[in-house]
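Below is one structure; the comments refer to it alone.
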Protein chains: 2
Amino acid sequence: MHTENKDEMRDKILEAALKRFSQFSAAKTTMNEIADDLHCSKASLYYYFPDKNGLHNAVLAKVGEFYFKGIEEAVENMTSGAEALRNIIKHRHDFIKKFCRLELFKILKDGPPAQIAEAMMEVKKKETALIAKMIEKGVQDGDFEVEDVVQAAELYNQALIGLRFSVLEGIPHLGEPTQEEFDMIISKQKKLAEIFIKGISK
Amino acid sequence: MHTENKDEMRDKILEAALKRFSQFSAAKTTMNEIADDLHCSKASLYYYFPDKNGLHNAVLAKVGEFYFKGIEEAVENMTSGAEALRNIIKHRHDFIKKFCRLELFKILKDGPPAQIAEAMMEVKKKETALIAKMIEKGVQDGDFEVEDVVQAAELYNQALIGLRFSVLEGIPHLGEPTQEEFDMIISKQKKLAEIFIKGISK
DNA sequence: CTTTTGACTTTTTAAGTTACAAAGTCAAAA
DNA sequence: TTTTGACTTTGTAACTTAAAAAGTCAAAAG
């Protein structure tokens, strides 16, 4: 393997790791496999990343960035608060479908490795802040009436996310939800979003 | 151990099992312990129940009955749909706090043992039906405006339950939530309930 | 005839072991 | 500065096994 500079090699590794991780999960991917994909030695990977966890974190960070770019765009091109709130559902769903094997939520369930737990807190805050901007827009347009905008944003987010768990409750979910289950969740989320939007409307 | 009749003995066993199960969980309770509590032999337990699972199910059924009795009462004494919907939160919380060690939700996560899965479906339907009655009341009083009452009831239920998961997400929950976490959940559920109620109001 | 039981067998589970695979290191080479 | 093959260390999945708990039953008790 030969690249022009250090950063490029780092990106190549990140790319290869993302491919493996999102197809088979990080747990089922060995450092040797990633090295083989890149036609380089395993030791090289350790020259760019401190350990497997560090690589995993870097992949997660990259993907997270991609996620937020999408929402940020949506916030900028917002025509109305309600519309923006609706759009989140599809955007998030597309994201989850693409990267669900990255063990984003599995990591949380087991025991958040402190390092990631902190990052997750940041992510949540950031996401809530973006949703708050959408609600704020609605308030300024005179559409919405909300006491605490940030609180409402957090609640909107958690209510939608929560449906993912409660809708699947009782169904033995071996790994990822099926397409059918995904559709069920989205449908419910859309309905809840409409009621929520009406609930905070003037 | 001596009792007047068969049913009484069955009840004694159920009572003893509930005590153990709700203090230590069913998994950490042995049939011998229950027998010792009752000063009878383990074999006696098997005279009244086919196996440990059967006993566990019977305990769950008894507790479930208790749960529904409370909601049914609430439905009967309903002054308004909105009020009834609000009351569910407290009622359910009291119930969970009391019986959270009965592995009600743990059972679902692992793999529903078919037998219980079916019963759970029934329970959900029954609960949804009761909530639907509350919403129906609101519709008939001219307070609510809802397309599909049953669907709205299901959504209300799942949205509230879902908050229990999403609010705790990222927090390493070793066993049961703490009091603080419980309070957080209830607070969020109440806020969501208000928005939901406003969202289906005329 | 119904209910209870002690003594028994079978099944589950937790602890300990081991062997292999994967993680991680490093001195030397490119 | 970057890469690598050969190496050591660590983690994990597959067996083994001994204790504990589940579950059975023929006989006893009322």
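Atoms considered below: every heavy atom in the structure, side chains included; atoms not considered: hydrogens, waters and symmetry mates. Below, chains carry the letters A, B, ... as their sequence lines are ordered, and counting in each starts from 1. Predicted model only: the values in this text are computed from it and were never measured.
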Quiz prompt | Strand partner of C/dA27, provided both Watson-Crick or wobble distances fall under 3.5 Å | solution = D/dT4
Quiz item: Which atoms form the tightest heavy-atom contact between A/Ala58 and A/Phe49, and what is the distance?
Solution: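 Looking at all heavy atoms of both residues, the shortest contact is CB-CE2, 3.8 Å.
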For [X] and [N], give me the distance from atom [atom1] to atom [atom2], rounded to whole Å.
| X | N | atom1 | atom2 | value |
| --- | --- | --- | --- | --- |
| A/Glu33 | C/dA23 | CD | C1' | 13 Å |
| A/Asn32 | D/dG5 | CG | P | 11 Å |
| B/Leu38 | C/dT3 | CG | P | 16 Å |
| A/Asp51 | D/dG11 | CG | P | 12 Å |
| A/Met31 | D/dT10 | CE | P | 17 Å |
| B/Phe49 | D/dT24 | CZ | C1' | 18 Å |
| B/Leu45 | C/dT4 | CG | C1' | 11 Å |
| B/His39 | C/dT5 | NE2 | C1' | 16 Å |

Practice problem: Would you mind telling me which of A/His91, A/Lys90, A/Lys97 makes a side-chain contact (heavy atoms from CB on, under 4.5 Å) with A/Asp94? | Solution: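 The passing option is A/Lys90.
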Self-check item: Residue mapping more 5' on DNA chain C - nearest nucleotide basis, A/Ala43 or A/Ala26
Solution: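 Going by which nucleotide is closer to the 5' end, it is A/Ala26.
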Self-check item: Residue whose nearest DNA chain D nucleotide is more 5′ - A/Lys28 or A/Ser44
Solution: A/Ser44
Does [N] have OP1 or OP2 under 4.0 Å away from a side-chain N or O of [X]?
| X | N | result |
| --- | --- | --- |
| A/Tyr47 | C/dC26 | no |
| B/Ser41 | C/dG6 | no |
| B/Tyr46 | D/dG23 | yes |

Exercise. Scan B/Thr30 against the nucleic acid and name what it touches under 4.0 Å (heavy atoms): base, sugar-phosphate only, or nothing.
Key: sugar-phosphate
Quiz item: With distance as the sole criterion, do the side chain of B/Lys42 and the base of D/dA21 form a donor-acceptor contact below 3.5 Å?
Solution: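 Not at all, since no donor on one side and acceptor on the other fall under 3.5 Å apart.
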Please tell me if the side chains of [X] and [Y] come closer than 4.5 Å, counting only heavy atoms from C-beta onward.
| X | Y | value |
| --- | --- | --- |
| B/Tyr156 | B/Ile200 | no |
| A/Lys124 | B/Glu169 | yes |
| A/Val63 | A/Phe95 | yes |

